[in-house]
Protein chains: 2
Amino acid sequence: MKKINYEKESEFLKAIAHPVRLKLIDMLLSDECCVTELTEILNLPQSTISQHLGILKKAGALYPYKSGVKTCYKVKDDKVTRIMEILK
Amino acid sequence: MKKINYEKESEFLKAIAHPVRLKLIDMLLSDECCVTELTEILNLPQSTISQHLGILKKAGALYPYKSGVKTCYKVKDDKVTRIMEILK
DNA sequence: CCTGAATATCGTATTATCGCGATATATAGA
DNA sequence: TCTATATATCGCGATAATACGATATTCAGG
């Protein structure tokens, strides 16, 4: 029975605990990928989306990869995916 | 494939996304129960503990029951328990 | 090596959260 | 009903999160 690191895990949960960020994760789980695309669909300023993606990346929920000029993000297939399952 | 209510679910995650609240949930999962007891173990002001418990209760993560003069809290056996499993 | 499209970072005003002492409420028992 | 114990709520200063325009960075193609 592993022990929970409360500080660390609460940081992680805080990172995903935002309506826009949950939606971003959900979109990335079903394949939308580049920042411009996400920005257009969510109809929010590009800087706002970029910041949210940065928070998720820093928390280890997403990772970016380059596709030409564009940057795409993918969901790290671990805790995030399982938590999204639970929220459904 | 159910749809996620991003507003609602992010509210829920935000409620549990706090080191003290995660610890409270963990303690309540392994049977500590009354507020005084929780307060002593965590060594924090009673008002602080009470507020955290209130937030968790409002989010539907805990529910209270009376045991004489004392109020005990129990973890609602649903999303919370499953998420705690994932965080371990 | 410019240009423009794509993305990240900065600055900052606004709003929300946190922590905690003080105070209120509830209730069991004398 | 008075008291003591248990818990909740209030008030508020301190801190952190949010949103977003402005600006900087990156890089492919001409």
Side-chain angles (χ1 to χ4, degrees), chain A residues 5-28 31-76, chain B residues 5-28 31-76:
Chain A
N5 181 333
Y6 303 111
E7 283 293 340
K8 197 164 146 290
E9 299 304 333
S10 65
E11 277 305 308
F12 168 73
L13 289 177
K14 203 156 41 166
I16 68 173
H18 185 288
V20 170
R21 295 199 286 271
L22 279 186
K23 175 125 202 219
L24 282 170
I25 292 170
D26 216 14
M27 290 168 81
L28 291 169
D31 261 0
E32 326 281 354
C33 91
C34 90
V35 180
T36 309
E37 205 177 341
L38 297 169
T39 299
E40 278 163 8
I41 295 172
L42 289 179
N43 196 32
L44 284 169
Q46 177 270 320
S47 65
T48 300
I49 297 296
S50 188
Q51 273 189 149
H52 284 306
L53 290 170
I55 288 167
L56 290 170
K57 183 179 110 187
K58 192 172 158 221
L62 304 180
Y63 62 92
Y65 62 93
K66 280 279 185 182
S67 164
V69 225
K70 306 194 171 182
T71 304
C72 299
Y73 282 87
K74 250 190 159 2
V75 175
K76 248 194 198 159
Chain B
N5 180 333
Y6 304 110
E7 282 293 341
K8 197 164 146 292
E9 299 303 334
S10 65
E11 279 305 308
F12 167 75
L13 288 177
K14 204 155 39 164
I16 68 173
H18 186 288
V20 170
R21 295 200 286 271
L22 279 187
K23 176 124 201 222
L24 282 169
I25 292 170
D26 216 14
M27 290 168 81
L28 291 169
D31 262 0
E32 326 281 354
C33 89
C34 89
V35 181
T36 309
E37 204 175 343
L38 297 169
T39 299
E40 278 163 8
I41 295 172
L42 289 179
N43 195 32
L44 284 170
Q46 177 270 322
S47 66
T48 300
I49 297 297
S50 188
Q51 272 189 149
H52 284 306
L53 290 170
I55 288 168
L56 290 171
K57 183 178 110 186
K58 191 172 159 218
L62 304 180
Y63 62 93
Y65 62 94
K66 280 281 184 181
S67 164
V69 224
K70 307 193 170 181
T71 303
C72 299
Y73 282 87
K74 249 189 161 357
V75 176
K76 248 194 199 161

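All chains are named by letter (A, B, ...) in the order of the sequence lines, taking the proteins before the strands, and each is independently numbered beginning at 1.
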Rounded distance (Å) that lies between atom C1' of dT18(D) and atom CG of Leu53(A)
15 Å

Give the table of side-chain donor-acceptor pairs shorter than 3.5 Å for residues 58-65 of chain A, with sequence neighbours excluded, one pair per line with atom names and distance.
none

Of all heavy-atom pairs between Arg21(B) and Lys14(B), which one has the smallest distance, and what is that distance?
NH2-O, 3.5 Å

List the protein contact pattern of nucleotides 11-30 of chain C with one symbol per nucleotide (5' to 3'): B for base contact, S for sugar-phosphate-only contact, - for none; contact means a heavy-atom distance under 4.0 Å.
B-----SSBBBB--------

Return the value, rounded to whole Å, for the distance between atom CD of Glu40(A) and atom C1' of dA6(C).
11 Å

Non-hydrogen atoms of Leu56(B) and Ala15(B) that approach each other most closely:
CD2-O, 3.7 Å

Write down the distance between NZ (Lys58(A)) and P (dA8(C)), rounded to a whole number of angstrom.
15 Å

Round to a whole Å and report the spacing from CG of Leu38(B) to P of dA6(D).
13 Å

Testing the basics here: between Ile49(A) and Leu24(A), what is the closest heavy-atom pair and its distance to 0.1 Å?
CG2-CD2, 4.5 Å

Whole-Å distance between dA19(D) P and Ile49(A) CD1?
10 Å

State whether the side chain of Ser50(B) and the backbone N or O of Gln46(B) hold a donor-acceptor pair below 3.5 Å, judged by distance alone.
no

With respect to the phosphate group of dA8(C), does any side-chain polar atom (N or O) of Tyr73(A) fall under 4.0 Å of OP1 or OP2?
yes

Euclidean distance, atom CG of residue Leu42(A) to atom P of dC20(D) [Å, nearest integer]:
12 Å

Whole angstroms only, please: what is the CG-P distance between Leu56(A) and dA17(D)?
14 Å

Which atom pair, heavy atoms only, marks the closest approach of Ile25(B) to Ile16(B)?
CD1-CG2, 3.9 Å

In this structure, how many angstroms lie between the P atom of dA19(D) and the CG atom of Asn43(A), rounded?
14 Å

